Structures are given as structure tokens and as C-alpha cells.
Amino acid sequence: MKIAIYPGSFDPITLGHMDIIRRAAACFDKVYVCVMVNAEKKNPMFTAEERLELIRKSVAGIPNVEAELWCGLLADYAVEKGSRVLVKGLRNATDFDQEYQMAAINKGLCADLETVFLSASAPYQHFSSTMIREMIRYRQPMEKYVPAPVAEELAKRR
Ligand code: PNS
């Protein structure tokens, strides 16, 4: 059984993330979406529990995908899940520089751990949770940026 982990802060999950999840789910038997705390991102818009709930609703139709929260090191989560594959999405050279470094750190923590990069599909190359939070603040229609459960939650909060 090939198990992959797709980690991130997902504040909130976007259609770009969903695209990577669907493509990873087509390559692996099981994909765990791991909601993590990024120590560099201080003021999240959604709590970790809210982010998890929104991901669970968004991936409900993909049978081999599950979402969980993890507050420790990603490498420890991978060991706990019996996975040796981390999936990361790459949009541009800035992502590459950061992700290449993180892949090396994770390999240093767990020598068996491989990081597999999926390049962002063209319609989502400019998507980021940061940009989407900005659109939320300016009350823009959200359907073209986020999965329906997130758009519905935002509509309720308006
Ligand atoms: O969506 P993000 O914020 O770019 O995701 C970054 C994340 C959460 C995957 C990264 O910060 C992370 O792996 N944090 C967990 C702590 C850890 O394992 N650090 C070592 C690898 S850098």
C-alpha cells in the first residue's frame, strides 16, 4: 500500500490545493492531508480545527483521502502513518527554493522520506492562501478560489 502525506497550513484550503490532492490521490493508494502549524505564519484566519473541518468537507468525495491535524514534526507524522512520501505542490521558483530546502531537512530527520513535487496546474499557478485571504477581506466572490464548503462558511460569516 503506497501512502502519501500532503502537508500544509491550508489557511484556508484552495482550489489549487484540491487539484494537488486529486492528482496525488490518483497516484497513491492513500493520501493523508496533514494540517500543520507553520511557526512562521503567526495570525491564521482560521483555527487549525476549522481548517481541518473545511478540508474534511472538501475531500469528502475522494475515497482514498483523509485529513488530520498534527502539531509536531512532519517527519514524525510520516513515520506514524507508515509513509515515506511527502507530496508538495510547486507554483514557481520561490516555492522550489523553499521546498527544496524543506525536503533536505525532512530527509535529514528521516533518511527514508522522499519528497515528490507536483507542478501546479496552469489555472492555479497564481493561487495562494495569502492572496485568497486578501480577497476574503475585500469580500470578493469566493467560488473561483476555494472549494464549496469554504465558500459556504465564508458566506455564513459575512
Ligand atoms: O502551507 P505551508 O505553510 O507552506 O506549509 C509548511 C509546512 C506546515 C508544511 C512546514 O512549515 C512544516 O512542515 N511544518 C512542520 C514542522 C516541521 O516538520 N518542520 C521541518 C520541515 S521544514
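Quick caveat: nothing in here was measured; it's all calculated off a predicted structure. All values below were derived from every heavy atom in this structure, side-chain atoms included, with hydrogens, water molecules and symmetry-related copies excluded. Both counts, for ligands and for their atoms, begin at 1 and track the order of listing. Note that the numbering runs from 1 along the sequence shown for the chain.
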Between [Y] and [X], is there a side-chain heavy-atom distance shorter than 4.5 Å?
X	Y	value
Val87	Val31	no
Arg22	Ile62	yes
Tyr77	Leu86	no

Tell me, please, whether Tyr32 has Lys81 positioned over its six-membered ring: NZ or CZ under 6.0 Å from the ring centre and within 45 degrees of its axis? yes
Do Ser129 and Asp11 have a side chain donor and acceptor closer than 3.5 Å? no
Lys/Arg N to Asp/Glu carboxylate O, Arg56 vs Glu66, below 4.0 Å: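 Salt bridge: no.
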Pick out the protein N or O atoms lying less than 3.5 Å from any N or O of ligand 1, and list each pair with its distance.
residue	atom	partner	partner atom	Å
ligand 1	1 (O)	Ser9	N	2.9
ligand 1	1 (O)	Ser9	OG	3.2
ligand 1	3 (O)	Ser9	OG	2.5
ligand 1	3 (O)	Asn38	ND2	2.8
ligand 1	3 (O)	Lys41	NZ	2.8
ligand 1	18 (O)	Leu74	N	2.8

